[in-house]
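Atom set for the values below is all heavy atoms of this structure, side chains included, hydrogens, waters and symmetry mates excluded. Chain identifiers are assigned alphabetically (A, B, ...) following the order of the sequence lines, protein sequences preceding nucleic acid strands; residue numbering begins at 1 within each chain.
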2 protein chains.
Amino acid sequence: MPIQALFASFDKYLPLNDEEREALRSCVIERKLRRKQFVLQEAEVCKHYTFVVEGCFKKFHVDTKGVEHNLQFIAENDWITEVDSIHNRKPSKAYIEAIEPAIILQISQRDLYDLLAKFHKLERIFRVIIENRYVALENRLLQTISETAEERYLSFMEQYHDLASRLPNTQIASYLGITPEFLSKIRGNLSKKTEKS
Amino acid sequence: MPIQALFASFDKYLPLNDEEREALRSCVIERKLRRKQFVLQEAEVCKHYTFVVEGCFKKFHVDTKGVEHNLQFIAENDWITEVDSIHNRKPSKAYIEAIEPAIILQISQRDLYDLLAKFHKLERIFRVIIENRYVALENRLLQTISETAEERYLSFMEQYHDLASRLPNTQIASYLGITPEFLSKIRGNLSKKTEKS
DNA sequence: GGAAGTTTAAGAAATAGGCTTAATGTAGTT
DNA sequence: AACTACATTAAGCCTATTTCTTAAACTTCC
């Protein structure tokens, strides 16, 4: 049952009681997605908080020259959040797309607000979720600002080593802000270095 | 009274009642800082949530080569938050330093946790505060990733135009990830462009 | 099994942004 | 008020990092 994954994820923060579980269960919608399907497209207002049960997503932005920039990868037991769009009802600046076939659980903005108002515990859990996201994002910014492409690649591999093998290099390159060819060059250099030593 | 600024800031999210105000007042500590004083230093564990009543701060990171990278500026009616450090009791990776003489209000981590546990409304306000921070940070990342130095400068001026005049160029350059000399070059180019048209 | 997409490779080319120096300007401290 | 320590602008040269290009080999997917 996919919803068990959601409960388990919450329980890591604070264990839920039956009432809270029931309330959650009654407003969660399950969806299956194929590769390349979108959860959210640019200019659309995000209507759901989305929990990933299975599969992997990329969140990306298309710049004025038409180039895609991967902002984030989201996989199992993690939340897809387009914070500005869902809370402030603004059109999204980003796309969110499935890289693999996926199962997700969605809660509508309306239902989420009711849940947060009714259960202090859920409000807390969602505060902590967003805090964790904030920390991850700040680390990402730090890396982007102060590291070379090679260092960023190494940081990425360390942080996402489980995911890395599931992702095509083009996607990783877009995350790192370089071309796939250059990523390949970096890998070549690194394997030369390790051979020597 | 500095604490009025804090109440006013909260009231923008959700109006506080007397009990909540009293609880807040009883655990808030006021501090005055001079230029170049630190609120937090690297490797230190952040012990307080800090609200800026007056003055302006920079949050920065020093890389392996000793170069400073400004992550963020924080001014009046905004919160200084070192999320990872305060919540997970980890040593901070960043420094937070006053650029101007400042007045701040601080709540200890312990007191904050009590407040959040006791008052659902405060939990909500702090959730929304961190969400807003997240949105700002995501925009910053987007700019860093997909814009040229000149575009980043223009975005910065748009977003922080009130602050910009209070900040020395060296600080702005460090935020943009370029040298002060190059920032000066960008400004020169831009004023040439506008002269022509 | 064939088409479409990925990865590696390697050399040439572009350019954004750094470095240096120097002269002038501005603020903070005593 | 004067001294000092930073900040800013400018200009020319420079180069490290990436991109671009082409091509061949390898995968994955329907």
Side-chain angles (χ1 to χ4, degrees), chain A residues 33-37 55-56 58 63-70 97-102 143-154 156-157 163-195, chain B residues 33-37 55-56 58 60 63 65-70 73 97-102 143-157 163-195:
Chain A
L33 298 176
R34 287 189 276 175
R35 274 180 81 237
K36 307 208 173 178
Q37 263 193 288
C56 171
K58 62 174 175 176
D63 72 17
T64 44
K65 285 166 203 139
V67 181
E68 290 186 9
H69 300 271
N70 282 170
E97 185 189 327
I99 300 181
E100 300 171 351
Q143 286 164 12
T144 308
I145 279 179
S146 66
E147 296 182 357
T148 63
E150 184 173 305
E151 287 168 336
R152 270 179 279 146
Y153 172 68
L154 290 171
F156 172 81
M157 292 305 285
L163 252 184
S165 56
R166 291 157 64 179
L167 295 169
N169 272 210
T170 42
Q171 297 307 323
I172 298 176
S174 165
Y175 181 94
L176 297 174
I178 57 177
T179 55
E181 294 91 337
F182 187 50
L183 174 54
S184 169
K185 201 178 283 189
I186 289 173
R187 292 182 137 177
N189 288 343
L190 283 172
S191 62
K192 258 184 238 158
K193 277 189 204 166
T194 38
E195 266 168 38
Chain B
L33 298 176
R34 287 190 275 174
R35 274 180 83 238
K36 306 205 175 182
Q37 262 192 290
C56 170
K58 63 174 174 176
F60 67 97
D63 72 17
K65 286 166 201 137
V67 181
E68 291 187 9
H69 299 270
N70 281 171
F73 297 113
E97 184 189 328
I99 300 182
E100 301 171 350
Q143 286 163 12
T144 309
I145 280 179
S146 65
E147 297 182 357
T148 64
E150 184 174 303
E151 288 167 337
R152 270 178 280 147
Y153 172 68
L154 291 171
S155 298
F156 172 81
M157 292 306 283
L163 251 185
S165 57
R166 290 157 65 181
L167 296 169
N169 270 212
T170 43
Q171 296 307 324
I172 298 177
S174 165
Y175 180 94
L176 298 174
I178 57 177
T179 55
E181 293 91 336
F182 188 52
L183 174 54
S184 170
K185 200 181 284 188
I186 288 173
R187 292 183 138 176
N189 288 343
L190 283 171
S191 63
K192 258 183 238 161
K193 277 190 205 166
T194 38
E195 267 168 38

Problem set entry | Contact under 4.0 Å: A:Thr179 side-chain N or O vs D:dT19 OP1/OP2 | yes
For this session: Name the closest nucleotide to the B:Ser184 side chain, picking from C:dG17, D:dT9, D:dT19.
Result: D:dT9
For this session: Find the distance B:Arg34:CZ to C:dG28:C1' and express it as a whole number of Å.
Result: 13 Å
Problem set entry | A:Asn169 side-chain N/O to C:dG5 phosphate OP1/OP2 under 4.0 Å | no
Problem set entry | Which atom of A:Ala102 lies closest to which atom of A:Gly55, heavy atoms considered | CB-CA, 4.1 Å
Problem set entry | Minimum side-chain heavy-atom gap A:Leu154-A:Leu190 below 4.5 Å | yes
Problem set entry | Separation of D:dC6 C1' from B:Ile99 CD1 (nearest whole Å) | 14 Å
Problem set entry | Among D:dT8, C:dG28, D:dT18, the nucleotide that comes nearest once only the side chain of B:Thr170 is considered | D:dT8
Seminar exercise, completed: Taking for A:Ile186 and for B:Gln171 the nucleotide of DNA chain D with the nearest heavy atom, the one nearer the 5' end belongs to B:Gln171
For this session: Check the distance between D:dG12's P and B:Asn189's CG and give it to me in whole angstrom.
Result: 13 Å
Exercise. Tell me: CD of A:Glu100 to C1' of D:dC29, nearest whole Å?
Worked result: 15 Å
Seminar exercise, completed: Taken to the nearest whole Å, CG/B:Leu190 to P/D:dT9 is 12 Å
Exercise. Taking atom C1' of D:dC6 as reference, at what distance in whole Å does atom CG of B:Leu167 sit?
Worked result: 15 Å
Exercise. Between the base of D:dT19 and the side chain of A:Lys185, is there a donor-acceptor distance below 3.5 Å?
Worked result: yes
Seminar exercise, completed: Closest to the side chain of A:Phe182, out of D:dT8, C:dG18, D:dT18, is D:dT18
For this session: To the nearest Å, give me how far apart NZ (A:Lys65) and C1' (D:dC20) are.
Result: 15 Å
For this session: Determine whether B:Tyr153 and B:Ile178 make a side-chain contact, defined as any pair of heavy atoms from C-beta on separated by less than 4.5 Å.
Result: no
Exercise. Side chain of B:Glu181: nearest nucleotide among D:dA10, D:dT19, D:dA7?
Worked result: D:dA10
Exercise. Checking all strands, does A:Arg152 fall into the base, sugar-phosphate, or nothing category for heavy-atom contacts under 4.0 angstrom?
Worked result: sugar-phosphate
Seminar exercise, completed: Between A:Gln171 and A:Asn70, the two heavy atoms sitting closest are OE1-OD1, 2.8 Å
For this session: Applying side-chain hydrogen bond (donor to acceptor under 3.5 Å, both in side chains) between A:Glu100 and each of A:Arg34, A:Arg166, A:Arg35, report the one that passes.
Result: A:Arg166
Exercise. Can a side chain N or O of B:Arg187 be found less than 4.0 Å away from OP1 or OP2 on D:dT8?
Worked result: no
For this session: Starting from P on D:dA7, measure out to CD on B:Glu68 and report it in whole angstrom.
Result: 11 Å
